[in-house]
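As structure tokens, the structure follows; a few thoughts come after it.
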Amino acid sequence: QVQLLGSGGGLVQAGGSLRLSCAASGSIFSINAMGWHRQAPGKQRELVAEVTSAGSTNYVGSVKGRFTISRDNAKNTVYLQMNSLKPEDTAVYYCNADVVEFTGWRRTSWGQGIQVTVAS
């Protein structure tokens, strides 16, 4: 079994910064892509950012230039540095990882929801 534990959310004023962290643990053989999704009130879940095992990244257009995704492979951890936050960024954020377990099973694991609230 693989577990993803996220942290770093909270309340921040517009223009402020937060860093989200998400650490994977368990029967991990390897991790391919890791990423972050979010679901804002009244909206569908959307991909925010992802990073491949090779280090390539991509972002939803609304966060480009403000958010940075990174990973520490030694710690099986993915980060999302969020700068210049806007009220539109208010959402529940979810981390995910494409994991290959020691059994050979490949699964997409999800962390718990992390509330990010940006005050206007």
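What's counted below: heavy atoms across the whole structure, side chains too, no hydrogens, waters or symmetry copies.
Applying the disulfide bond (SG atoms under 2.5 Å apart) rule to pairs touching residues 74-120 yields Cys22-Cys95, sequence neighbours excluded. Applying the disulfide bond (SG atoms under 2.5 Å apart) definition to pairs two or more places apart or across chains, none involves residues 52-89. The list of disulfide bond (SG atoms under 2.5 Å apart) pairs with a residue in residues 24-83, not counting sequence neighbours, is empty. Counting only residues at least two apart or in different chains, disulfide bond (SG atoms under 2.5 Å apart) contacts with residues 39-87 are absent.
Gln39 pairs by the side chain to side chain donor-acceptor pair (under 3.5 Å) definition with nothing, not counting sequence neighbours. Ala33 meets the side-chain contact (heavy atoms from CB on, under 4.5 Å) test with no other residue; sequence neighbours excluded. Applying the side-chain contact (heavy atoms from CB on, under 4.5 Å) rule to Thr108 yields the partners Asn96, Asp98, Trp110; only residues at least two apart in sequence or on another chain are considered. In this structure, the side-chain contact (heavy atoms from CB on, under 4.5 Å) partners of Ser17, at least two apart in sequence or on a different chain, are Gln81, Asn83. For Glu46, the side chain to side chain donor-acceptor pair (under 3.5 Å) partners two or more places apart in sequence, or in a different chain, are Arg38. For the side-chain contact (heavy atoms from CB on, under 4.5 Å) test, residues two or more places apart in sequence or in another chain that qualify with Val118 are Val12, Ala14, Leu85, Pro87, Asp89, Thr90, Val116. The side chain to side chain donor-acceptor pair (under 3.5 Å) test applied to Glu101 returns Arg107, not counting sequence neighbours.
Nearest heavy-atom pair, Ala23 versus Thr77, reported as atom, atom and distance to 0.1 Å: CB-OG1, 3.5 Å. Contact between Ser109 and Val99 at its shortest, heavy atoms only, is OG-CG2, 4.3 Å. Taking both residues in full, the closest heavy atoms of Gly113 and Tyr94 are given as CA-CE2, 3.5 Å, listed atom of the first, atom of the second, then distance. Here the closest heavy-atom approach between residue Ser84 and residue Arg66 is recorded as O-NH1, 3.0 Å. The two residues Leu18 and Gly10 make their nearest non-hydrogen contact at CD1-O, 4.0 Å.
Expressed to the nearest 0.5 Å, how far CD of Gln13 lies from OG of Ser120 amounts to 10.0 Å. Summarising the geometry, atom OH belonging to Tyr79 is positioned 12.0 Å from atom CG belonging to Leu20; distances are rounded to the nearest 0.5 Å. Taking OG1 from Thr103 and CD from Gln1, the interatomic distance works out to 10.5 Å, rounded to the nearest 0.5 Å.
Phe102 and Trp105 fall into different hydrophobic clusters, where Ile, Leu, Val, Met, Phe, Trp and Tyr residues are linked whenever their side-chain heavy atoms come under 4.5 Å apart, directly or through other members. Connection of Met34 to Val92 is not established within any shared hydrophobic cluster, with ILVMFWY side chains joined at heavy-atom distances below 4.5 Å, either directly or through further cluster members.
When side chains are defined from C-beta on, Ile28 counts as touching Val2, because their heavy atoms get closer than 4.5 Å. Side-chain contact between Val48 and Val63 is present, with heavy atoms from C-beta onward closer than 4.5 Å. Side chains of Val78 and Trp36 form a contact here, defined as non-hydrogen atoms less than 4.5 Å apart.
In this structure, Gln115 contributes its side chain and Gly9 its backbone to no donor-acceptor pair below 3.5 Å.
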Donor-acceptor pairs are to be reported for all side-chain atoms of residues 67-75 against protein atoms at under 3.5 Å, with residues two or more places apart or in another chain.
| residue | atom | partner | partner atom | Å |
| --- | --- | --- | --- | --- |
| Arg71 | NE | Asn73 | OD1 | 2.8 |
| Arg71 | NH1 | Asn32 | O | 2.7 |
| Arg71 | NH1 | Val51 | O | 3.3 |
| Arg71 | NH1 | Thr52 | O | 3.1 |
| Arg71 | NH2 | Ile31 | O | 3.3 |
| Arg71 | NH2 | Asn32 | O | 3.1 |
| Arg71 | NH2 | Asn73 | OD1 | 3.4 |
| Asp72 | OD1 | Ala74 | N | 3.1 |
| Asp72 | OD1 | Lys75 | N | 3.4 |

